[in-house]
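What follows is a short report on a single structure.
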Amino acid sequence: MDIWEKLASRDNRSPGDFERDGILVCGHCGQPKQFWLEERGIRMLLPITCACEEREMREERTRQELEQFRLDMAAAQEKFGITDTSFYRMTFESDDGHNAKASAVCRRYVDKWESVRKGNYGILFYGTVGTGKSFLACSIVNALLAKGVRATVTNFPRLLNLLQSARDRQEIIDHLQFYELLAIDDLGVERDSGYATEQIFGVIDARARSGLPLIVTTNLTLDELTHPPTMHYQRIYDRVLDLCPVRLKLIGASRRAGNAEARREKARELLLDEKVL
Ligand SMILES: Nc1ncnc2c1ncn2[C@@H]1O[C@H](COP(=O)(O)OP(=O)(O)OP(=O)(O)O)[C@@H](O)[C@H]1O
Ligand SMILES: [Mg+2]
């Protein structure tokens with residue numbers, strides 16, 4: 001059987017399809033699912049894809065690509081472990097809208113990702129303790145991951161541990177550029193040592209040279225970032241400020257106190273209920 005005969009014998013009829021002028025027509029989109037072809041003097045009725053089938057094939061391709069993407073991301077995490085997986089819980093879906101303006105900027109950042117990526121625009125979240133900086137940074141990363149963009153969150157204490165025990169430090173630093181968006185949580189909490197600042201500089205400088213966006217969260221003030229105590233920190237913070245032209249200041253009371261009160265209330269309801277005790 002030659003290729004034409006094989007093609008001609010493919011049955012692409014679905015329930016609801018009908019015939020018009022001897023040609024099979026899709027019952028959903030109304031497009032023909034067959035066409036006449038003349039080959040070496042023989043007329044053959046061959047199947048073609050209608051709009052519905054095209055869409056199904058596109059959707060299936062996207063599903064497969066996303067599945068492969070998830071496998072790749074899981075393999076990277078398995079190999080390098082740069083992310084604390086608790087960050088997956090912080091998403092725009094669980095956003096209570098407390099920082100409505102900052103949230104809106106973050107959602108726009110995700111919506112306009114292609115242009116953000118091209119312009120290499122990072123965000124600096126700075127401000128007081130417990131105000132939602134990590135929450136928004138992680139929400140951006142999770143929203144991009146859902147779109148199939150390689151994005152991740154890490155922090156320097158974790159990276160320093162990995163770098164210290166690694167046989168090949170450069171491999172880890174190179175791996176960070178596998179992520180189109182890298183978020184570094186809590187800049188400034190790492191121990192203050194010559195070794196730490198050298199490694200932090202290595203990571204930030206490599207990111208700056210990669211031309212890829214960086215998000216940073218920190219409790220440091222803009223003044224502390226622009227007037228660091230030593231030249232070493234100046235070289236680090238100067239690059240961070242350059243990489244993060246979008247600055248979002250989050251201030252106010254720590255949200256953890258309110259969360260802790262709500263949790264205490266729930267625990268009381270659960271454990272002090274007569275039915276439970
Ligand atoms: N928009 C939000 N919607 C729901 N929960 C939030 C939101 N922002 C913050 N939270 C919750 O409030 C708590 C503190 O938020 P988060 O850890 O993001 O603060 P932070 O500014 O990073 O604090 P720190 O300076 O200590 O690192 C967390 O439990 C977080 O899940
Ligand atoms: Mg934080």
Side-chain angles (χ1 to χ4, degrees), residues 77 81-113 122-147 151-162 176 179 181-192 196 200 203-204 207 213-226 228-229 233 236-237 240-241 243-270:
Q77 171 66 5
I82 70 159
T83 302
D84 177 342
T85 49
S86 65
F87 96 92
Y88 290 121
R89 286 200 300 269
M90 301 192 237
T91 62
F92 287 128
E93 287 70 40
S94 53
D95 184 353
D96 61 12
H98 193 79
N99 300 309
K101 278 188 187 159
S103 289
V105 173
C106 296
R107 284 168 196 262
R108 231 171 284 137
Y109 189 85
V110 172
D111 291 343
K112 300 193 172 184
W113 170 248
I123 304 181
L124 175 75
F125 291 94
Y126 68 105
T128 45
V129 170
T131 46
K133 301 179 294 298
S134 302
F135 183 92
L136 288 177
C138 291
S139 297
I140 290 177
V141 168
N142 280 318
L144 287 174
L145 280 172
K147 283 171 74 159
T152 197
V153 183
T154 189
N155 57 46
F156 275 117
R158 194 177 184 95
L159 278 181
L160 289 172
N161 275 339
L162 290 173
L176 295 177
Y179 300 99
L181 176 69
L182 174 67
I184 296 187
D185 197 23
D186 268 344
L187 177 72
V189 296
E190 49 302 312
R191 57 186 181 273
D192 186 7
I200 294 168
V203 168
I204 298 290
R207 191 67 187 177
L214 175 73
I215 284 181
V216 168
T217 82
T218 185
N219 291 128
L220 297 168
T221 63
L222 266 192
D223 188 50
E224 285 168 322
L225 287 165
T226 44
Y233 280 109
I236 295 168
Y237 296 166
V240 168
L241 291 169
L243 280 165
C244 303
V246 182
R247 317 264 162 83
L248 294 178
K249 184 178 184 180
L250 301 182
I251 46 169
S254 169
R255 303 198 38 168
R256 293 198 184 91
N259 292 353
E261 183 48 45
R263 278 165 53 71
R264 247 197 316 276
E265 192 51 46
K266 278 196 177 152
R268 261 201 301 267
E269 268 171 35
L270 176 74

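Atoms within a ligand are numbered from 1 in the order they appear, just like the ligands themselves.
- Side-chain contact between L176 and L159 is present, with heavy atoms from C-beta onward closer than 4.5 Å.
- Nearest non-hydrogen protein atom to atom 29 (O) of ligand 1 is N259 ND2, 3.3 Å.
- With a 4.5 Å cut-off on side-chain heavy atoms, L248 and C106 count as touching.
- Counting only heavy atoms from C-beta outward, the side chains of F125 and N99 never approach each other to under 4.5 Å.
- For ligand 1, the atoms sitting less than 4.0 Å from at least one non-hydrogen atom of T131 are 19 (O), 20 (P), 21 (O), numbered in the order shown with element in parentheses.
- The nearest protein atom to atom 22 (O) of ligand 1, hydrogens excluded, is given as S134 OG, 2.8 Å; this is a heavy-atom distance.
- Using a non-hydrogen distance threshold of 4.0 Å, L250 does not register as a contact of ligand 1.
- Within the set T91, D96, D185, the minimum heavy-atom distance to atom 3 (N) of ligand 1 is found for D96.
- Look at E265 and R268 and you find a salt bridge, because one of the NZ, NE, NH1 or NH2 atoms lies within 4.0 Å of a carboxylate O, short of that distance.
- Taking 4.5 Å as the limit, some side-chain heavy atom of L136 sits within range of a side-chain heavy atom of S103.
- Residue N219 has at least one heavy-atom neighbour below 4.0 Å for each of these atoms of ligand 1: 25 (O).
- Protein heavy atom at the shortest distance from atom 7 (C) of ligand 1 is R255 NH1, 3.2 Å.
- Each of the atoms 3 (N), 4 (C) of ligand 1 lies under 4.0 Å from some heavy atom of S94.
- Side-chain contact between Y109 and S139: absent, with no pair of heavy atoms (C-beta onward) separated by less than 4.5 Å.
- Atom 21 (O) of ligand 1 has its closest protein heavy atom at K133 NZ, 2.6 Å.
- With respect to atom 23 (O) of ligand 1, the closest heavy atom belonging to the protein is G130 N, 2.9 Å.
- By the 3.5 Å distance cut-off applied to N or O atoms, F135 is counted among the residues near ligand 1.
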Go through D84 and S86 one step at a time and tell me if the side chain to side chain donor-acceptor pair (under 3.5 Å) criterion holds. CA-CA 6 Å; D84 177 342; S86 65; 3.1 Å; yes
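- The NZ atom of K101 sits 12.5 Å away from the CG atom of L250 when rounded to the nearest 0.5 Å.
- In terms of protein heavy atoms, atom 26 (O) of ligand 1 is closest to R256 NH1, 3.0 Å.
- Residue contact check: D186 has heavy atoms under 4.0 Å from atoms 27 (O) of ligand 1.
- Side-chain contact between I184 and R207: absent, with no pair of heavy atoms (C-beta onward) separated by less than 4.5 Å.
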Between D185 and S134, does a side chain to side chain donor-acceptor pair (under 3.5 Å) hold up when you go through it step by step? CA-CA 6 Å; D185 197 23; S134 302; 2.8 Å; yes
Where do K266 and E269 land on the salt bridge (Lys or Arg N to Asp or Glu O under 4.0 Å) test, with the steps shown first? CA-CA 5 Å; K266 278 196 177 152; E269 268 171 35; over 6 Å; no
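- From N142, atom CG reaches atom OG1 of T152 across 9.5 Å, with rounding to the nearest 0.5 Å.
- Set against the non-hydrogen atoms of D95, the atoms of ligand 1 under 4.0 Å away are 1 (N), 2 (C), 3 (N).
- The distance from atom CG of L181 to atom CG of L214, rounded to the nearest 0.5 Å, is 8.0 Å.
- Looking only at protein heavy atoms, the nearest one to atom 19 (O) of ligand 1 is G132 N, 3.1 Å.
- Protein atoms of type N/O/S that fall under 2.8 Å from the Mg ion (ligand 2) number 1 in this view.
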